[in-house]
Amino acid sequence: MTERSPAPGGLTLVEALVNTLDMESGADALDTPEGREHLGITAEETDRARTLRESLRATLLAHGGHPPHRDVIPLGVLLAEAPLLVTVDAADGSAALAPADGRSLHARVAAAVAEALVAGTWTRLKACAAADCHWAYYDRSPAGRGRWCSMQVCGARAKMRRYRAKEA
């Protein structure tokens with residue numbers, strides 16, 4: 001949907017998870033073995049992944065100042081279940097949070113969020129303001145006030161709707 005470059009660091013995982021659902025067409029990559037494999041989850045983990053995805057989407061909408069798209073379990077509640085470890089590199093002493101269970105999607109997402117918080121990039125990951133889109137994108141605008149995943153698609157549609165509303 002977007003012409004934007006992927007989010008930095010671990011946020012690529014969050015962006016990829018949120019973007020498994022095309023809200024306009026209803027296509028859900030989590031319905032396919034390939035889509036699940038891309039995220040490293042099994043068919044049995046699909047419902048939990050969908051719950052996490054929609055909680056993330058609501059949070060990313062909030063980053064842009066938009067209300068949640070629907071009622072969801074708060075992201076903090078879901079990530080509280082995710083065991084993380086502090087790792088320290090013996091060579092340079094740098095520390096990081098890492099999933100205690102590297103396979104758990106929730107733990108990998110929690111580690112990505114923690115990494116983004118430290119890097120100051122977390123609130124730049126947003127969901128498109130278009131109600132029929134809500135695609136995740138990384139806002140690289142200087143002021144951090146981007147609204148749409150794509151100015152050519154969602155932004156143009158919104159501007160056209162505003163123009164037509166004024167003409168009516």
Side-chain angles (χ1 to χ4, degrees), residues 1-31 35 38-39 41 46-82 84 96-97 99 105-168:
M1 173 59 80
T2 181
E3 72 277 355
R4 294 178 184 258
S5 56
L11 289 180
T12 56
L13 171 64
V14 176
E15 185 177 46
L17 174 58
V18 172
N19 292 345
T20 57
L21 176 64
D22 183 332
M23 294 185 81
E24 192 170 21
S25 71
D28 188 344
L30 296 180
D31 288 337
H38 178 70
L39 293 169
I41 63 170
T46 304
D47 287 340
R48 284 191 76 216
R50 283 189 176 112
T51 300
L52 178 59
R53 174 183 68 196
E54 297 314 314
S55 183
L56 283 164
R57 188 182 317 279
T59 301
L60 301 186
L61 282 165
H63 286 173
H66 309 293
H69 60 303
R70 66 180 205 200
D71 286 336
V72 297
I73 298 171
L75 184 58
V77 171
L78 293 176
L79 296 185
E81 304 168 4
L84 297 176
L97 283 175
L105 180 61
H106 282 64
R108 289 183 288 138
V109 167
V113 170
E115 173 192 320
L117 283 169
V118 170
T121 57
W122 174 235
T123 58
R124 289 275 184 151
L125 190 63
K126 299 178 179 180
C128 183
D132 59 347
C133 180
H134 293 320
W135 203 252
Y137 69 94
Y138 188 76
D139 182 1
R140 296 181 188 278
S141 68
R145 293 195 300 240
R147 295 182 45 98
W148 301 287
C149 65
S150 167
M151 272 307 295
Q152 287 72 27
V153 179
C154 294
R157 288 177 185 169
K159 289 179 179 191
M160 185 55 71
R161 283 186 203 110
R162 274 197 311 268
Y163 173 77
R164 287 184 179 148
K166 282 196 288 187
E167 294 293 312

Worksheet item: S55 versus L75: any side-chain heavy-atom pair under 4.5 Å?
Response: yes
Response to the item:
Rounding to 0.5 Å, atoms NE2 (H134) and CE (M23) come to a distance of 5.0 Å
Worksheet entry | Expected output: side-chain Y138 to main-chain L11 donor-acceptor under 3.5 Å | no
Practice prompt. For the residue pair V72 and L56, establish whether any side-chain heavy-atom pair is separated by less than 4.5 Å.
Written response: no
Practice prompt. Specify the closest pair of heavy atoms between L61 and C128, including all atoms of both residues, with the distance to one decimal.
Written response: CD2-O, 3.8 Å
Worksheet item: Checking R108 side chain against V14 main chain: does a donor-acceptor pair fall under 3.5 Å?
Response: no
Discussion item. Measuring only between side-chain heavy atoms, which start at C-beta, is R53 closer than 4.5 Å to L105?
Written reply: no
Response to the item:
d(L117 CG, W122 CH2) to nearest 0.5 Å is 7.5 Å
Worksheet item: Taking all non-hydrogen atoms of both residues, which atom of L30 and which atom of A49 are closest, and how far apart?
Response: CD1-CB, 4.1 Å
Worksheet entry | Heavy-atom check, side chain of S5 versus side chain of R140, under 4.5 Å | yes
Fill in: Straight-line distance of E54 CD to R70 CZ, nearest 0.5 Å
4.5 Å
Worksheet, complete the sentence: Heavy atoms of A112 and G10 approach each other most closely as CB-O, 3.3 Å
Worksheet item: Any side-chain heavy atom of I73 sitting closer than 4.5 Å to one from L52?
Response: no
Fill in: Closest heavy-atom pair and its distance - L39, A16
CD2-CB, 4.3 Å
Practice prompt. Return the minimal non-hydrogen interatomic distance between T20 and L17, and the atom names on each side.
Written response: OG1-O, 2.7 Å
Fill in: Shortest non-hydrogen separation from A136 to L60 and the atoms involved
CB-CD1, 3.8 Å
Discussion item. Do L21 and R50 have side chains that approach each other closer than 4.5 Å (heavy atoms only, starting at C-beta)?
Written reply: no
Worksheet item: In this structure, which one of K126, R145, H63 forms a side-chain hydrogen bond (donor to acceptor under 3.5 Å, both in side chains) with D139?
Response: K126
Worksheet item: Just by distance, do the side chain of H106 and the backbone of L78 share a donor-acceptor pair under 3.5 Å?
Response: no
